[in-house]
Structure formats: C-alpha cells, structure tokens
Protein chains: 2
Amino acid sequence: MLFHFKDKFPQLAPYWDKYLEFQKRIEVPAKTVLLEEGKISGQYIFVEKGCIRAALNNNGVDKTIQFFFEKEGLTSLQSFLKNTPSLFTIETIEPSIIYLLPKVYVNKLMAELSGEPGFLNIILAVFAERQLHYMHEFVSFIRDTPEQRYQNLLNERPHIIQRVPQHYIASYLGVTTVHLSRIKSKIAKGQSHF
Amino acid sequence: MLFHFKDKFPQLAPYWDKYLEFQKRIEVPAKTVLLEEGKISGQYIFVEKGCIRAALNNNGVDKTIQFFFEKEGLTSLQSFLKNTPSLFTIETIEPSIIYLLPKVYVNKLMAELSGEPGFLNIILAVFAERQLHYMHEFVSFIRDTPEQRYQNLLNERPHIIQRVPQHYIASYLGVTTVHLSRIKSKIAKGQSHF
DNA sequence: TAAACTTGGTAACATATGTTATCGTCTGCC
DNA sequence: GGCAGACGATAACATATGTTACCAAGTTTA
C-alpha cells in the first residue's frame, strides 16, 4: 500500500528500487480481470499506465465501487490481509500496464520498513487518508442526492468522468444508466439558461 | 484510537493505566454535544457508559452518520489529525459516562507506543478494521436498497435498533423517518404471512 | 399536574428513480 | 465493407421515496 507514496515520502524510494525485481510487469488489454470476486488476493497491484475498476456482482447486476488510475496502488485489502475471498473483482477498463508484487514480498517489505525512522507516521498517514476517503464516500450517500454526487465528481475528480464509460459511473453513483443520462441532460439544460 | 483495543491487545493495558490520570471523566445527560461541527477536535473520546452519535447538519436537516457504544473510542479523525474543522457533530444519545484524553497526551502515548514491539501490527490492524468498516458502509449504499440495509442492521447490529431512536436510524440508512416506518410495517406484514 | 417536547405511525400527494424497450452512433474485428 | 457488440440517449410506464400534515402515546419539565 506504499509504493504510490514514494513520491510523497522520498525515504521510501530505495525500497521501491530494491523490490522492483520482484514485481511482475504485465501489459494487458481492457476488461482484463486481475482479481476475481470470491478468490483470495495474493498480490499488490500498481497501475503504471491505464485505468482499473473494482466491482461486484449483485444478483447478476454489475456494480462498480471504485476507480484507479496511473501511479495508484490497490488490492482487496480485506482479502489480502485476512486471506478471505475478495468481495469484489478488479479489472482493467483501458489497456493497461500493471506491476504485480506477490504478498510474500509485501510482507518482507513491511518488516524491513518497520525499522525505518518515521515509518509509523507514514503508514498512519496513508491509512488515515484511505479511511477518510471511504468515510467521505459513505457520508456523501447519506447527505447528497445522486445529482449532487455527480456534480461532486465533476468538480473534484473530473478525470473519472472523462476517461470512464458512463455505465460504470452510474453504478458507482448508486443509480442506473438511464437515470444518470437524465441527470446529465438536466444539468445541460440548466446550464443553457444563461 | 487505541484504548478500545486494550482488551484485544493485552500489551496495551499498562499504557491505558498509565494515562488514566490524564483522562477527564465526565457524566453527561442525553443530547450533550462533545464536539461541534466546524470546531477543531482536541481530544479523544472514550465511551464508558451510554451511547453517542456522529451527525452533520445538511441545509438544516440533521443526518446521523455513525453510532458508538460502551467501550468504543472515537474522534473526528480528520479534524484531530489535521487540525481542520470537524465535518460533524458528536453528541450523546443517552445519559453517558465519557473519558476525554487531550490531544497532547494522545501524541505522547503514540510516541511511547511506537517503541513497543508488535505495535506496528496492532496499529495496522486497527486502521485496517476502520477502513473496511467504512468501505462496507459505502458499498452497502451502492449494492443494497434501504430495506436491505435495515435488514442488515437488524441481523448484524440489532443493539443499534434497540437503543437508538428511530429518526436517527432513518437518516443513517439514508431515508426519511416516514419511509423507515413504511419499511418496518412492510417487514412486519411479510413476517405475519406464516 | 399540565404543558411542551420527543418519538413514531399513517395517509395523500409529489417527486425521484427504476424497468423495459427502442434507437443511433461508434468501434473493433473478420 | 459489413457485422456484432459496446455505449449512450430517450420515452413510457411502474415503483420507491420524499413532503407535508395529522394523530397518539410516552417523557420531560416547569
């Protein structure tokens, strides 16, 4: 969960280089499944180029729950830490270049890093960020309407709307593709009343 | 963020005792505000007895986002760590007995603990749990209907339904009190068809 | 003890959102 | 070049959910 912070925390860079040889670089087309729902996650995923989504199958309906882009790392945390079946699938949206680091090396890396001064603060910052991210997503569902969540996406993470097919965004916002279309057309009409 | 794990991780117990003298014990009635939305969190909150909610004001509408009970600890993490205005209010639901530990002591405690062997694993486990909690809440909004979320509450955390007034639960589920009443009566009808 | 407040149920109506179906465009592929 | 599938817009109708209003039973408080 650390490599995507190597720019933010320069003291991690040597470790990145050291573990580079254990990472498997793969170049894959769109819609390649990197981790299947129900399987156990055995590796950490780092996005060099392209774009990825996490999704789950709910009674035959595909629901996207998160997007990842260049320089971001991910895994199914719960599956990775607890060796339990992953609750979601991880698959590419665009043709992508991915680095995979097997779990054994992640564990070795963590053990090495635990001696690094200041590492505790780094790991706390990383985990706190993730926790706050999910909390904000969750609060947004309690507080905002789907239209407001779409506006938030537009304002705060427009790259998602630009790069990701709309039907993935719809389920991520908690609505159907039909309703997301309605939201967009409503916003477009509103803007034309200038 | 640690004291509520002192039972789970016995090696923390001595620190709990050591810092007990810096904790302020207060006994407060229901609806006592412990942290106001917009203010900066300066202390960690531990629930000895009673029950607490986190909530925010959205255009005059009160929305509950989380509940806490005996032996749980909490704070506005983002406000506490970053010294930014809290996004939510923390207030008691029932008359409660609360322990408050000022931030300076939390920091001291963290510094001391960082030398404890195995502490890294503990803190990672604690943060991972919280992260997964919020992720599950968030995924539930994408995947489930309000009725399903109410059923989940009934099955997984019935104590919430038993102890907390229904209008708090309604906003927590993302619906109005009227609709939660409908959900309950629908479920009751379903069950009576035996 | 009476008034005020809190809590929760229900009805009637309004709005938001889902479902199903149809159409058009684009893109990859053979 | 054409065909199949992916993607997105829209309409018509069905269902879910919100809004407002009213009622009733506790509970707190003056």
Side-chain angles (χ1 to χ4, degrees), chain A residues 28-33 51 53 55 58-64 67 91-96 140-151 153-154 160-192, chain B residues 28-33 51 53 55 58-64 67 91-96 140-151 153-154 160-192:
Chain A
V28 295
K31 300 201 181 187
T32 302
V33 173
C51 141
R53 74 188 183 109
N58 189 39
N59 298 328
V61 181
D62 178 280
K63 306 267 189 175
T64 298
F67 302 105
E91 72 169 31
T92 54
I93 293 175
E94 303 173 357
S96 304
S140 171
F141 272 94
I142 290 180
R143 188 189 49 206
D144 304 326
T145 64
E147 180 176 341
Q148 286 172 311
R149 282 202 300 284
Y150 181 74
Q151 288 279 15
L153 259 199
L154 265 177
I160 291 182
I161 291 173
Q162 286 153 15
R163 286 179 71 173
V164 173
Q166 192 166 311
H167 57 284
Y168 293 152
I169 295 175
S171 66
Y172 174 69
L173 293 174
V175 298
T176 60
T177 57
V178 174
H179 193 62
L180 179 52
S181 264
R182 280 196 280 245
I183 288 172
K184 285 179 66 176
S185 85
K186 182 182 167 193
I187 289 174
K189 276 180 196 164
Q191 285 178 334
S192 69
Chain B
V28 294
K31 302 202 179 185
T32 303
V33 172
C51 140
R53 73 187 184 110
N58 188 41
N59 298 329
V61 182
D62 178 280
K63 305 267 188 173
T64 297
F67 301 105
E91 72 168 32
T92 55
I93 294 175
E94 304 173 355
S96 304
S140 171
F141 272 95
I142 290 181
R143 189 189 48 206
D144 304 325
T145 64
E147 181 176 339
Q148 287 172 310
R149 283 202 299 286
Y150 181 74
Q151 287 280 15
L153 258 200
L154 264 178
I160 291 182
I161 292 174
Q162 286 154 14
R163 286 179 72 173
V164 173
Q166 192 165 312
H167 56 284
Y168 294 151
I169 294 176
S171 66
Y172 174 70
L173 293 174
V175 298
T176 60
T177 57
V178 174
H179 194 61
L180 179 52
S181 264
R182 279 196 281 244
I183 288 172
K184 284 178 67 175
S185 84
K186 182 182 168 192
I187 288 174
K189 277 179 196 162
Q191 284 178 334
S192 68

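No hydrogens, no waters, no symmetry mates; every other heavy atom, side chains included, goes into these values. Chain naming here is simple, since letters A, B, ... match the order of the sequence lines and numbering starts at 1 in each.
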Closest heavy-atom pair, Ala55(A) versus Thr64(A), reported as atoms and distance to 0.1 Å, is CB-CA, 3.9 Å
What is the distance from CD1 of Ile183(A) to C1' of dG8(D), rounded to the nearest Å? 15 Å
Listed pairs, N/O of protein and of nucleotides 25-30 of chain D, under 3.5 Å:
none

Sugar-phosphate only, base, or nothing, as touched by Val175(A) at under 4.0 Å among non-hydrogen atoms: sugar-phosphate
Toward the 5' end of DNA chain C, which comes first, Val178(A) or Thr145(A), by nearest nucleotide? Thr145(A)
Thinking salt bridges, do Glu91(B) and Arg53(B) make one under a 4.0 Å N-O criterion? yes
Look at all strands and tell whether Ser185(B) reaches a base, only sugar-phosphate, or nothing, counting heavy atoms closer than 4.0 Å. sugar-phosphate
Flag, side chain of Arg143(B) to backbone of Lys63(A), donor-acceptor distance under 3.5 Å: no
Closest non-hydrogen contact found for Cys51(B) with Ser96(B) is N-OG, 3.3 Å
Heavy-atom closest pair (Tyr172(A) atom, Ile142(B) atom, distance to 0.1 Å) is O-CD1, 3.6 Å
Position toward the 5' end of DNA chain C (nearest nucleotide), Arg182(B) or Tyr168(B): Tyr168(B)
Please report the shortest heavy-atom distance between Ile160(B) and Ile169(B), naming the atom on each side. O-CD1, 3.8 Å
Whole angstrom value for the distance that separates P of dG8(D) from NE2 of His179(A): 17 Å
Using five base pairs at each end to define the local axes, how bent is the helix from dT1(C)-dA30(D) to dC30(C)-dG1(D), to the nearest 10°? 40°
Less than 4.0 angstrom between a side-chain N/O of His167(A) and OP1 or OP2 of dG8(D), yes or no? yes
Kindly say if Lys31(A) contacts the phosphate of dC7(D), meaning a side-chain N or O under 4.0 Å from OP1 or OP2. yes
Could you tell me from which nucleotide to which nucleotide of DNA chain C, 5' to 3', there is an atom under 4.0 Å from chain A heavy atoms? dT17(C) to dT20(C)
